[in-house]
Amino acid sequence: MSFTSLDDLLSEISAGKTNRYDWNKITGAAAYTAGRWYDLSGLNGTPIANPFSGTALNWQTTTESSGFSIQHGGNVTPDTKHLTTVGAYSAVATAVPGVLMLCDLQGYYPGIDMNTLSAQTLVGTPTLRYTNGAGLRMFLVARATTGATAHNIGYSYTNQAGTAGRTNPVTVAATASAIVPHIVHSGTAANNYGPFLPMASGDTGIRSVQSVTLSAASGSASTAALCLVRPLLTLPLTTAGVAAERDLVNQMPSLPQIMDGACLTWLYFAGAATAASTNINGFTENAWG
Amino acid sequence: MFNRIVDVGLAAANGNGWQTWMHKTSLPVFNAGGMWADSSMGAGTPKYNAYVGTQGESTPMVGAGNFGIYVGQPCAPLNKHIQRMMLQTTAPTLAPSNFILCDYLMHYPLIDMDSTDAQVMDNVAALPRYADGNGVRIMPVCTTPQSAISQVIVGYTNSDGVSGRTSSFFTNIANTGMINNCGVSGQYPSSNPFIPLQAGDVGVRSIDSVTCQSSAGGFCAFVLVYPLANISVTEATTAVELDFIRERVALPRVYDGACLNYIYSASQSAVSAVVRGSLDLIQG
């Protein structure tokens, strides 16, 4: 089922089939760099930080009940749930301009060794909320500060059609000495791509990832997590102290669907050198019917 | 319950609603930009909230008369919803700012922030609204100034009725009326209105204990609230208006007995401002 009219949407909301969640995230002890993307799921705040637990290189499925998701009201099948309004703001000047991106984190492969150039075989068949991985993207996020030696990232994955052996179509450079929670391949340097790793020509989704190979050891013992996400919406932050808001019914008619069990997390694009311990507040509202 | 948008219009045309106004003549003064504060502790209409009660005892908050923004009379079996909001400030120092309208449900007064003993709450009363606690959050409101930083551990019962849940936050040096909740010790920019909850929790049914790891000074009221809606004031003297049907596709529910007030945050410090606004409430 889904909403058949605005009247239907109003009726469902009036009957209480709606949820609101206030969240906040606090950036870490080091300032962020303009032009880079960061995964806010690993930061303290509400919800709690994603610890990226699990056996190294083994797939970990994430859901709303994982503890670090934006809570959205539980499973609603046979109804469908949709985002209706989102907003975010920060009182800190260096948090703007910035962009927030809400994603459904399907899961991750933890413990990618950033200090080896050996091919790392990833294990496990991902459980996905999107059939065949349609629309999924992936990114590599630092879980410890990586080494200062320049290194590129190579990867092999299975696309939405089930074709294995798909690889990066371009050279993808990781940032040396990437801090937590930098998406290591994003930035303003040559061969940086963000927030997502480039996919082979014609691919529209990802079912699983088979391996990650660095061109060189970064030089310091460090790890990263490879995450599979479905992007849902973007929200530009323009002015310190002023809320950025998206009405997803009238302003940007889209009503992004929240799948049952979705693990909603935010990515953040730093438009300026975001100061340490910067608080970003926000809220999400959704409805189902 | 409204089944069609036209039903909302018909309710308004038939006078089945209430427009209420608030006018705060002064608000608590921030220690630093980025903090959150409780407008219920400002002077004006609705009246000043002193968080009176017995120390550590759960004290329900029920809107009546001028205590909380007046929302009209109870309307059961009809449901009451917010259709529109408006806010305006005269003070440049309060723009831009962000406000959250909350239903204040219950508070635990006179929590001694100097004591490092575990202060066990006396839950003589339950939540008067949102009884299961789903969506209910905790905010520590400074009622007598804190003079030091301290980590505070809060024990609570979650919305599933599971007790023994814990969370922690940091106090900072804070004026009366501040929501003294920082995510990072000594960092005002890490202020947040609501204490984070333990993994998986989506609400609070009651507070069980409060333990300060060091003496912070003063007293706090720990308040359980249900956040209803956000609104941003972008510039002084310009009223900001929000129509929930057209701009948010939401109709925040206002339960009989709701005790409504705003919490707010601004980038600038040391603000004490006049804030006024209205709520258009509709019943159906």
Side-chain angles (χ1 to χ4, degrees), chain A residues 5-11 13-16 18-29 43-48 64-69 71 73-74 84-85 87 89-93 95 239-245 247-251 255 275-279 281-283 285 287, chain B residues 1-8 33-36 79 81 95-98 100 134-135 137 167 182-203 226-235 244-253 265-268 284:
Chain A
S5 64
L6 284 177
D7 283 343
D8 180 35
L9 173 59
L10 180 75
S11 175
I13 291 173
S14 179
T18 181
N19 184 75
R20 176 197 165 89
Y21 188 78
D22 290 83
W23 60 270
N24 81 291
K25 286 293 178 179
I26 308 169
T27 64
L43 298 178
N44 290 325
T46 299
I48 63 166
E64 183 184 13
S65 59
S66 294
F68 44 80
S69 167
Q71 299 294 300
T84 54
T85 310
Y89 41 90
S90 177
V92 179
T239 311
V242 178
E245 297 172 292
D247 163 14
L248 299 160
V249 178
N250 297 298
Q251 178 193 21
L255 285 173
S277 301
T278 290
N279 191 41
N281 283 87
F283 67 93
E285 294 179 347
Chain B
M1 192 180 86
F2 299 107
N3 291 312
R4 304 171 300 167
I5 293 174
V6 68
D7 292 338
V8 177
M35 294 187 78
W36 285 83
N79 295 337
H81 299 268
S97 53
N98 291 285
I100 302 178
N134 197 340
R137 305 295 298 274
S167 182
C182 294
V184 178
S185 176
Q187 296 293 325
Y188 285 115
S190 70
S191 296
N192 192 48
F194 311 123
I195 295 171
L197 302 180
Q198 197 167 334
D201 288 351
V202 297
Y226 187 90
L228 288 172
N230 289 60
I231 188 168
S232 296
V233 174
T234 54
E235 58 184 10
F244 277 96
I245 294 175
R246 185 174 56 85
E247 298 178 64
R248 287 274 177 90
V249 195
L251 278 177
R253 174 88 184 268
S265 175
S267 301
Q268 303 185 66

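Every chain is numbered from 1 and lettered A, B, ... according to where its sequence line falls, protein lines coming before strand lines.
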Is it the side chain or the backbone of A:N281 that comes within 4.5 Å of chain B heavy atoms, both, or neither? side chain

Contact origin within A:F283 toward chain B - heavy atom pairs under 4.5 Å: side chain

Counting distance only, does the side-chain N/O of A:T27 pair as donor-acceptor with the main-chain N or O of A:T278 below 3.5 Å? yes

Under 4.5 Å heavy-atom distance to chain A, tell me which part of B:I5 shows up: side chain, backbone, both or neither. both

If you tally heavy-atom pairs under 4.5 Å between each of B:R248, B:Q187, B:E247 and chain A, the highest tally belongs to B:R248

Does any part of the side chain of A:P47, heavy atoms only, come nearer than 4.5 Å to the side chain of A:Q71, both counted from C-beta? no

I'd like to know if the side chain of B:N3 reaches the main chain of A:D7, judged simply by a donor and an acceptor atom lying under 3.5 Å from each other, with no hydrogens or angles considered. no

Do A:N250 and B:R246 get their side chains close enough for a donor-acceptor pair, meaning under 3.5 Å? no

Chain A contact via B:S190 - which portion, at a heavy-atom distance below 4.5 Å: both

Side chain from CB out, backbone as N, CA, C, O: work out which of these in A:S65 comes under 4.5 Å of a heavy atom of chain B, or both, or neither. neither

Examine whether an atom of A:V92 lies under 4.5 Å from a heavy atom of chain B, and if so say whether it belongs to the side chain, the backbone or both; otherwise answer neither. side chain

Portion of B:V233 that has a non-hydrogen atom of chain A nearer than 4.5 angstrom: neither

If one checks every heavy atom of A:E64 against chain B at 4.5 Å, the contacting part turns out to be neither

Segment of B:A250 engaging chain A (4.5 angstrom heavy-atom cut-off): both

Under 3.5 Å, is there a donor-acceptor pair between the side chain of A:T46 and the main chain of A:N24? no

Using ring-ring contact (aromatic ring centres under 6.0 Å, His included), reason through B:H81 and B:F2 one step at a time and then give a plain yes or no. CA-CA 10 Å; B:H81 299 268; B:F2 299 107; 5.8 Å; yes

Between A:E285 and chain B, which part of the residue has a heavy atom less than 4.5 Å away: side chain, backbone, both or neither? side chain

Sort B:I100 into side chain, backbone, both or neither according to what part of it lies under 4.5 angstrom from a heavy atom of chain A. side chain

Any luck finding a side-chain donor-acceptor pair between B:S232 and B:N98 under 3.5 Å? yes

Within the distance-only criterion (no hydrogens, no angle test), does the side chain of B:S191 pair as donor or acceptor with the backbone N or O of B:W36 below 3.5 angstrom? no

Under 4.5 Å heavy-atom distance to chain B, tell me which part of A:I13 shows up: side chain, backbone, both or neither. side chain

